[in-house]
Amino acid sequence: MYQTISPRHIHRQTTTAHLAQTMRLLFKPVDDLQKEIDEMVSNNPAIELMEKRTCPTCHRPLGEHGSCPMCSHPKSNIQDEPVVYVSPREDFYGRGERSNEEMPDEPLASMTEELPEFVLRQISPELKPEDRRIAAYMLSNLDEDGLLEIDLYEVVRYFRVPLSRVKDIQHLIQRAEPIGVGSCTPQEALLAQIDVLRESAKVPELAEKIIRTGWELATHRQYRELAHLLGVPLKIIQQTMHFISENLVPFPARAHYGDTRDPSRKVGEVYHRPDIIISYLNDNPENSLVVEIVMPISGTLRINPMFREAIHEAGTEEQKESWKAYLERAELFIKCLQQRNHTMERLMRRLVGLQRDYILKGEKYLVPVTRFQISIELEVHESTISRAVAGKAVQLPNRRIIPLSSFFDRSLPARMVLKEIIDAEPHPLSDAELMALLADRGFPVARRTVAKYRALEGILPAQMRKPILREI
DNA sequence: CTATGGCACGGATT
DNA sequence: AATCCGTGCCATAG
């Protein structure tokens with residue numbers, strides 16, 4: 001944003017109207033903010049959008065001080081103080097870009113409306129610019145299960161590019177969340193998931209074999225025939241099938257929608273543009289973290305100086321008044337935006353410092369914090385924090401997009417440890433036993449609560465966890 | 001009798 | 001003031 005006013009200065013001249021509007025803007029996620037800004041810019045002649053300024057070397061938008069935080073900032077060795085800045089960032093589809101290309105943007109099925117965007121956003125950092133159209137085209141042809149409903153050759157013909165290039169793009173898509181999306185068949189989706197899973201856990205060799213050669217039999221639950229075909233004992237087959245049904249999803253998109261196993265993901269809250277992007281400086285894990293507060297516009301807003309001048313030459317007194325009103329509203333709007341960003345910036349600086357391990361090492365390391373505590377530390381009202389957190393999404397360095405509110409989830413670490421325990425124990429443990437083990441690891445919770453956590457994580461009760469097969 | 005899920009209560013959080 | 005979350009009690013299933 002255009003800043004001639006320091007945040008402290010803003011604070012002093014806060015008025016009630018100002019406050020009210022700041023509140024309104026504060027809890028708006030980027031999507032809504034974009035509409036808000038668009039409307040203001042097109043209706044109010046006093047405000048204008050400066051052209052975007054991008055860094056000449058890395059093409060990222062410049063930070064608010066006119067320097068590029070991504071490449072001109074020296075390597076920071078301050079570990080507790082991440083670089084936080086407000087970033088003007090373009091819509092990922094590129095505004096206006098769509099008009100000169102015949103980007104296929106026919107309406108999608110309502111359920112998957114946001115899936116293509118969601119995926120495109122994840123892969124766009126690795127996607128060559130010239131491949132974006134192809135990726136977007138493929139993503140717009142997903143069915144409601146997240147599988148590609150067109151043939152790869154169709155894409156080849158449409159864009160007249162080599163098949164290998166299309167396959168490369170598909171490979172990229174498959175590895176984005178939900179993993180396996182964009183595959184042509186359920187098998188392909190499963191194999192992609194195995195691929196990704198192997199990076200962090202061991203996967204039975206047999207699983208891949210079953211999917212590759214015996215999938216027909218497996219889907220019909222003809223395990224005996226399958227065992228015979230692969231020359232493996234029936235029992236092993238059953239165990240592997242159990243592994244598959246527990247860990248893999250043949251229809252990637254379903255995991256996010258109707259699946260009651262993961263009630264923490266609500267429909268509509270899943271696929272968001274990130275409001276905040278956390279990444280490594282220059283994408284190098286050696287470097288410190290950079291936190292971008294995303295702005296939905298590609299430039300900076302400011303008062304049009306011409307307009308300010310023009311007021312003196314207003315024809316009638318009436319006109320003068322109305323122009324002044326425009327001017328005031330524009331000023332207010334800009335100040336409120338600045339304050340919103342300032343609040344977000346402070347919040348994220350504190351939060352990232354606090355939850356660094358969570359961001360880098362995983363959910364197990366989340367530090368339990370309440371909004372209330374943060375509000376005291378930042379000396380703002382607790383509702384301010386609530387507003388700032390509500391409905392916002394964060395993209396982590398590993399490209400996962402999660403709700404900002406998960407930073408305040410008290411029970412997440414306990415649930416992750418619970419998962420670990422269950423994964424590790426070959427013998428199914430009852431809730432009471434699990435309770436004891438959790439207590440050992442520093443999570444004293446009631447037996448009843450263990451059951452609730454299990455349910456939250458979609459883990460079946462002990463008896464049902466024996467090698468019984470779930471429907472695929 | 002044991003293991004679990006449902007319901008509801010109370011305290012903390014928002 | 002409304003909502004969320006952990007927990008205790010009790011019914012039910014095996």
Side-chain angles (χ1 to χ4, degrees), chain A residues 19-20 22-29 32 242 246 259-270 272 275-276 339-340 343-344 346-348 350-351 354-355 358 363-364 366-394 402-470:
Chain A
L19 207 67
T22 305
M23 289 302 174
R24 252 191 58 244
L25 290 179
L26 185 61
F27 77 84
K28 298 242 179 223
D32 297 342
H242 181 246
E246 280 299 309
D259 200 335
T260 49
R261 290 177 59 198
D262 197 350
S264 65
R265 295 185 164 172
K266 290 175 199 149
V267 176
E269 279 184 30
V270 182
H272 263 319
D275 296 90
I276 295 134
Q339 194 162 65
R340 170 197 194 268
T343 307
M344 292 299 294
R346 295 210 312 145
L347 172 65
M348 288 317 292
R350 182 74 193 106
L351 222 44
L354 209 60
Q355 305 285 23
Y358 167 57
E363 303 179 317
K364 226 178 29 167
L366 183 105
V367 180
V369 177
T370 68
R371 294 161 173 83
F372 181 69
Q373 286 172 39
I374 299 287
S375 76
I376 291 181
E377 290 176 31
L378 298 188
E379 297 175 302
V380 294
H381 196 274
E382 48 189 293
S383 69
T384 307
I385 303 292
S386 285
R387 287 277 137 84
V389 168
K392 304 271 166 49
V394 188
I402 58 171
L404 184 55
S405 57
S406 71
F407 280 61
F408 295 92
D409 190 327
R410 271 173 300 165
S411 62
L412 201 69
R415 295 207 308 267
M416 297 320 286
V417 172
L418 177 68
K419 247 185 174 174
E420 262 183 19
I421 295 175
I422 292 177
D423 284 344
E425 281 305 332
H427 175 68
L429 297 166
S430 75
D431 286 348
E433 293 169 304
L434 290 171
M435 176 184 77
L437 287 175
L438 270 178
D440 288 345
R441 300 222 196 170
F443 297 97
V445 289
R447 184 234 104 215
R448 190 65 192 80
T449 308
V450 175
K452 295 251 158 151
Y453 287 172
R454 257 197 318 97
L456 274 180
E457 295 299 326
I459 301 169
L460 294 167
Q463 302 157 26
M464 297 280 98
R465 253 181 281 142
K466 291 173 187 171
I468 294 174
L469 297 160
R470 200 168 52 85

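Quick note on labels: first sequence line is chain A, next is B, and so on, each numbered from 1.
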Taking atom [atom2] of [N] as reference, at what distance in whole Å does atom [atom1] of [X] sit?
X        : N      : atom1 : atom2 : answer
A/Arg448 : C/dT12 : CZ    : C1'   : 13 Å
A/Arg410 : C/dC4  : CZ    : P     : 12 Å
A/His381 : B/dT13 : NE2   : P     : 15 Å
A/Asp409 : C/dC4  : CG    : P     : 13 Å
A/Met435 : C/dG8  : CE    : C1'   : 13 Å
A/Leu429 : B/dT4  : CG    : P     : 10 Å
A/Glu382 : C/dT3  : CD    : C1'   : 14 Å
A/Arg447 : B/dT2  : CZ    : C1'   : 10 Å

Inset, instruction - May I ask you to verify if any side-chain N or O of A/Tyr453 is less than 4.0 angstrom from the OP1 or OP2 atom of C/dC5? - result: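 False: A/Tyr453 side-chain N/O out of range (4.0 Å or more) of C/dC5 OP1/OP2.
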Within-4.5 Å side-chain heavy-atom neighbours: [X] and [Y]:
X        : Y        : result
A/Thr343 : A/Arg387 : no
A/Pro461 : A/Arg454 : yes
A/Leu412 : A/Tyr358 : yes
A/Glu457 : A/Ile422 : no

Legend entry - Neighbour count >12 (heavy atoms, 6.0 Å) for atom CZ, A/Phe443: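 Atom CZ in A/Phe443 is packed in, count exceeds 12.
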Legend entry - Within residues 368-376 of chain A, residues whose heavy atoms come under 4.0 Å of DNA chain C: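 Hits under 4.0 Å, by residue number: none.
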Nearest to the side chain of [X] - [options]?
X        : options               : answer
A/Ala451 : B/dA3, C/dG8, B/dG5   : B/dG5
A/Ser386 : B/dT14, B/dT13, C/dT7 : B/dT14
A/Ala446 : C/dG6, C/dT7, B/dG5   : C/dT7

Inset, instruction - Taking A/Ser383 for its side chain and A/Ser386 for its backbone only, find out whether a donor-acceptor pair lies under 3.5 Å. - result: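 No; judged by distance alone, with no hydrogens or angles, the pair does not exist.
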Legend entry - A/Arg346 CZ to A/Glu377 CD distance, which is reported to the nearest 0.5 Å: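 The distance works out to 10.5 Å.
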